[in-house]
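Shown next, in structure tokens, is the structure this report addresses.
Quick note on labels: first sequence line is chain A, next is B, and so on, each numbered from 1.
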Amino acid sequence: MIVVIDYNVGNVRNVCNAFRHIGSQVQLSCELKTIENAAGLVLPGVAAFGYAISALGDLAAVIKDAASAGKPLLGICVGYQMLFDESYEYGVYKGLGLVHGKVVGIPVTQVVPHMGWNLVKPQSDMDLFEGLGKERHFYFAHSFYAQVADKQAKVAYTDYGFELAASVQKANVYGTQFHPEKSGESGLQVLRNFAKICNKNGNGLC
Amino acid sequence: MLTKRIIPCLDVKDNRVVKGVNFLNLRDAGDPVELGARYSEEGADELVFLDITATIRSRKTIVELVEKVAEKVFIPFTVGGGIQNAKQIDELLRSGADKVSVNTAAVKTPQIITEAAQRFGNQCVVLAIDARRSKTRPGKWQVCIKAGSEPTELDVVEWAIKGEKLGAGEILLTSMDADGTKAGYDNLLNKAVSDAVNIPVIASGGAGKLEHLYDAIVDGRADAVLMASITHFGNYGIRQIKEYLRGRGIAVNL
């Protein structure tokens, strides 16, 4: 079972819809027991960073412990940004610190928000991009981005006038700045790949 | 670099997709959920669903439709038609819509744009403008409301500039003169608005041939092209459209 963390922000329904569409067992939950028993966790998020991290509350420690213990974790959009050490979106907020780096605003020399389809180039052997070739388009909608400063993290970049980190992978921790649940067939393949990772970790029912 | 977007538009009436000419003479084009799912699978970049009935009774129907669409469509989609307040916008976003387009209500109460942008983010607020060539002011266009039935005194370019200031994240610009004619987009209109604002402009109305799409992007400076007839009735596939545009040097998601 994949558990999508329910912490009362943005639109989490679409992430569940996409997992169901690819045939995954998925549940939306904020219950401690359910989260602990999950084969994998998804941290979605459509909100400002400060609001999202405070809405997460005590669940932050639960997610962090689960990820540190090896449970696959996928952060999406603001959920991805929360994987990092800190964010500078309307203040300074601490993140989960699972991947080193900080979240800052897209330079105003570019059109903000970065919204639309952009070409993502993953490093070789990034699990989420298996079967997707050297580069693929994904759908983005965000105004802040992560500056990855973690030597252990693999990073996929996209070009938005500068190299913008579109996805990270550090051991069992995964994240996408883009929305896989809104990126058509390529996005569904990313979710299938995550479900496969969860299957290896769990009991084969993801 | 962001790609130019190909956006099929589904006009919905009584739970069916319909398409007319110059906003009249509607023709049935299928089930909205099925057609939406097909476009999502075929590689469309976004979808727009417009409730052209837009009555009080149809509000509930459109929310139910949005929920069903969200289960089958895995690309961003916009919902519009008859939206009057922030509460309705909230309901549609919660039901699974990614963006909401506002037309008549924005003209009557422009604050709805600001209120929605502040509450939900400007990325999900689309200002829809129905434009008609002005008979009295050559080279200008006037804003029409109520599904094009009521002309206003507003100038389209000025209204677009104001819409951006109010907080709209995007402009969906429909030429009523070109709509459904398949004779090409009104690219003087598209260019006039694109040059005046910094937010993306979606060109709508008049697509009949592949080169019309190219012209809207190059001559009209549109960030995205909306179409209905040419894809609904199977004249062109999404992939075919994108291969054509890429062949002419346009960056597309293919």
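Counting non-hydrogen atoms of neighbouring residues, nucleotides and ligands closer than 6.0 angstrom, the CG atom of B:Asp195 exceeds 12 such neighbours. No more than 12 heavy atoms of other residues, nucleotides or ligands lie within 6.0 Å of CD in A:Glu31, so this atom counts as exposed by the packing criterion. For CZ of B:Arg248, the number of neighbouring non-hydrogen atoms (other residues, nucleotides, ligands) closer than 6.0 Å is greater than 12. Heavy atoms from other residues, nucleotides or ligands lying under 6.0 Å from CZ of B:Phe233 number more than 12.
Scanning both residues, B:Glu46 and A:Tyr139, for their nearest heavy atoms gives OE2-CE1, 4.2 Å. Nearest heavy atoms, B:Ala70 versus A:Asn14: CB-OD1, 3.6 Å. Taking every heavy atom of both residues into account, B:Leu2 and A:Met115 meet most closely at CD1-O, 3.3 Å. The nearest pair of heavy atoms linking B:Gln123 to A:Pro113 is CB-CG, 4.3 Å.
At a 4.5 Å heavy-atom cutoff, the contact between B:Arg5 and chain A is made by side-chain atoms alone. If you measure heavy-atom distances from B:Ala97 to chain A, the contacts under 4.5 Å come from the backbone alone. For B:Leu254, the part lying under 4.5 angstrom from a heavy atom of chain A is the backbone only. Contact of B:Glu42 with chain A is not made at all, since no heavy-atom distance falls under 4.5 Å.
Here OG of A:Ser143 is found 7.0 Å from CG of B:Asn122. Values are rounded to the nearest 0.5 Å. Distance check: A:Arg20 CZ to B:Glu71 CD gives 8.0 Å after rounding to the nearest 0.5 Å.
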**Message:** Go through it in stages, so that I can follow the logic: the residues are B:Val252 and A:Trp117, the test is side chain to side chain contact (heavy atoms under 4.5 Å, CB included), and I'd like the CA-CA distance, side-chain angles, deciding distance and then a yes or no.
**Reply:** CA-CA 8 Å; B:Val252 290; A:Trp117 295 79; over 6 Å; no
**Message:** Between B:Glu41 and A:Glu185, does the side chain to side chain contact (heavy atoms under 4.5 Å, CB included) criterion hold? Intermediate values first, please.
**Reply:** CA-CA 7 Å; B:Glu41 281 162 24; A:Glu185 292 304 310; 3.8 Å; yes
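A distance-only check finds a donor-acceptor pair linking the side chain of A:Lys182 to the backbone of B:Ile75 [under 3.5 Å].
Here A:His21 is the residue among A:His142, A:His114, A:Arg136, A:His21 with the most heavy-atom pairs under 4.5 Å with chain B. For the set B:Asp98, B:Asn198, B:Leu93, the count of heavy-atom pairs under 4.5 angstrom toward chain A peaks at B:Asp98.
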